[in-house]
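For reference, the structure is listed below as structure tokens.
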Amino acid sequence: MPQDLPVVGVASEIARLPLYAEWLIEGQRPLELQDTFFALERLDADPAPLVREAKSYLDGYAGTLGIHGPFVSLPLNAGDVRIRQAVSDRFMQALEFGAELEARYMVVHSPFTIFGHPLVEHTRTDHLGHMIDAVHATLERPLALAQQIGCTLVIETIQDTNPVPLCALVSSFDAGVRLSIDVGHTLITEQFGGPVAHEWVDAAGPLLAHVHLQDGDGVVDRHWLPGQGRLNWWALFQALQRSPAEPDLIIEVHDGPAAFDWLAARGFVR
């Protein structure tokens with residue numbers, strides 16, 4: 001397998017790590033743990049058992065480990081001070097868990113949901129500026145902790161139909177914040193005038209640090225295996241090849257081994 005191909009990793013819950021551990025350790029592949037967005041009650045109780053469980057599967061692992069931050073009912077651009085405090089607290093909680101596993105990034109969701117609407121003006125002196133200020137306020141404490149533990153916050157495309165605002169948000173931070181593209185999400189936003197996945201890669205340029213790999217039909221967030229949906233995988237990997245960035249590539253489907261086999265068989269990854 002050509003050594004110049006990008007190394008791909010996988011997103012997984014801790015309980016499913018036995019399925020991937022040997023593959024991850026052998027290739028020192030990137031890993032994204034996703035318990036931190038759906039197992040908050042376990043973090044509330046005592047995260048230590050969850051940490052021990054993860055470590056028990058990852059003996060010998062030295063790849064890039066990240067976590068997916070919590071997002072349900074947690075707007076990144078919360079305007080209400082009390083809601084902002086709750087969002088910030090949850091991010092802090094996830095980062096404290098991540099610190100125990102030496103997490104190098106945490107995924108958070110983009111706040112932009114209405115860009116591209118002809119009735120909404122977003123300029124630096126109008127609504128966009130207010131949103132960026134709100135995100136900075138929300139991330140003030142989490143970003144400080146993330147930088148202390150060597151963890152980058154990557155803001156993931158969700159309902160974004162225009163790369164410019166998200167790139168402006170990421171660029172507004174001096175350090176510690178980069179951009180994440182979920183290619184399955186772009187299939188949906190493409191239906192509303194947004195760029196296709198490879199155009200997002202081009203637009204992100206050096207800001208790109210992380211990519212979720214999944215397929216779909218553009219109707220809902222399917223997380224299908226590559227090749228089962230509409231994504232132009234050839235164009236995506238051509239864009240990644242010419243990108244000045246070297247993002248972590250994370251398979252985000254239920255059957256990670258099958259997704260890897262499909263991508264590797266076509267010469268996209270190793």
Side-chain angles (χ1 to χ4, degrees), residues 1 3 5-72 90-109 142 145-146 148-154 156 178 180 182 184 209-215 221 223-226 246-265 268-270:
M1 193 172 291
Q3 294 302 301
L5 294 178
V7 175
V8 71
V10 71
S12 175
E13 301 124 55
I14 291 171
R16 300 189 76 235
L17 282 178
L19 176 65
Y20 301 116
E22 183 178 351
W23 177 72
L24 287 166
I25 294 168
E26 180 182 352
Q28 296 302 332
R29 300 174 179 278
L31 166 65
E32 180 179 315
L33 296 177
Q34 299 199 327
D35 300 72
T36 38
F37 76 75
F38 67 84
L40 290 175
E41 69 284 350
R42 294 182 68 180
L43 297 185
D44 285 338
D46 179 8
L50 207 55
V51 171
R52 285 196 298 270
E53 184 182 2
K55 288 183 175 181
S56 72
Y57 299 131
L58 296 174
D59 184 31
Y61 178 71
T64 300
L65 185 148
I67 60 175
H68 196 306
F71 61 87
V72 177
R90 280 303 196 192
F91 287 165
M92 294 290 285
Q93 188 178 30
L95 285 166
E96 288 163 2
F97 167 79
E100 295 296 320
L101 296 169
E102 300 183 4
R104 290 295 165 255
Y105 69 83
M106 182 172 81
V107 180
V108 297
H109 280 189
L145 176 57
Q148 180 182 331
I149 66 175
C151 180
T152 298
L153 303 181
V154 294
E156 179 185 14
R178 301 290 291 280
S180 167
D182 187 309
H210 176 270
V211 179
H212 276 151
L213 302 175
Q214 54 140 324
D215 216 333
D221 195 16
H223 291 269
W224 284 346
L225 291 171
E246 295 183 0
D248 288 315
L249 304 181
I250 302 293
I251 292 170
E252 196 183 29
V253 303
H254 185 71
D255 191 347
F260 171 74
D261 288 345
W262 190 94
L263 293 168
F268 292 136
V269 303
R270 60 183 172 97

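We number each residue from 1, following the sequence as shown. Computed from a predicted model, the values in this text were never measured in an experiment.
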Take Leu65 and Glu102 through the test side-chain contact (heavy atoms from CB on, under 4.5 Å) and record every step on the way to the result.
-> CA-CA 7 Å; Leu65 185 148; Glu102 300 183 4; over 6 Å; no
Can you tell me how far apart [atom1] ([X]) and [atom2] ([Y]) are? Round to the nearest 0.5 Å.
X	Y	atom1	atom2	answer
Met106	Thr152	CE	OG1	11.0 Å
Ile251	Ser12	CD1	OG	11.5 Å
Gln93	Glu96	CD	CD	7.5 Å
Arg90	Leu40	CZ	CG	4.5 Å

Find out whether [X] and [Y] are in side-chain contact, i.e. whether some heavy atom of one side chain is under 4.5 Å from a heavy atom of the other.
X	Y	answer
Pro247	Leu249	yes
Ile250	Tyr105	yes
Pro257	Tyr20	yes
His223	His254	no
Tyr61	Leu31	yes
Ile25	Gln28	yes

Nearest heavy-atom neighbours spanning [X] and [Y]:
X	Y	value
Gly66	Ala103	CA-CB, 4.4 Å
Ala209	Arg178	CB-CB, 3.5 Å
Leu213	Val253	O-CG1, 4.1 Å
Asp221	Gly184	OD1-C, 4.5 Å
Thr36	Leu33	OG1-O, 4.0 Å
Ile67	Gly98	CD1-CA, 4.1 Å

Given Val107 and Gln34, is the side-chain contact (heavy atoms from CB on, under 4.5 Å) satisfied, shown in steps?
-> CA-CA 10 Å; Val107 180; Gln34 299 199 327; over 6 Å; no
Would Leu145 and Phe91 satisfy side-chain contact (heavy atoms from CB on, under 4.5 Å), going step by step from the backbone distance to the final call?
-> CA-CA 10 Å; Leu145 176 57; Phe91 287 165; over 6 Å; no
Do side-chain atoms of Arg104 reach the backbone of Thr64 as a donor and acceptor pair under 3.5 angstrom?
->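 No; zero donor-acceptor contacts below 3.5 Å.
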Would you mind checking if Arg29 and Asp248 are paired as a salt bridge, meaning a charged N to carboxylate O distance below 4.0 Å?
->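 Between Arg29 and Asp248 there is no salt bridge, as every charged N stays at least 4.0 Å from the carboxylate O atoms.
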Has Glu26 got more than 12 heavy atoms of other residues, nucleotides or ligands less than 6.0 Å from its CD?
->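 No, because the 6.0 Å sphere around CD of Glu26 holds 12 heavy atoms or fewer from other groups.
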Below 3.5 Å, can you tabulate the donor-acceptor pairs from side chains in residues 50-59 to any protein atom, sequence neighbours excluded?
| residue | atom | partner | partner atom | Å |
| --- | --- | --- | --- | --- |
| Lys55 | NZ | Glu100 | O | 3.4 |
| Ser56 | OG | Glu53 | O | 2.6 |

Kindly assign one of parallel, tilted or perpendicular to the pair His212 and His210, based on the angle between their ring planes and the thresholds 30° and 60°.
->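 Answer is perpendicular, since the angle exceeds 60°.
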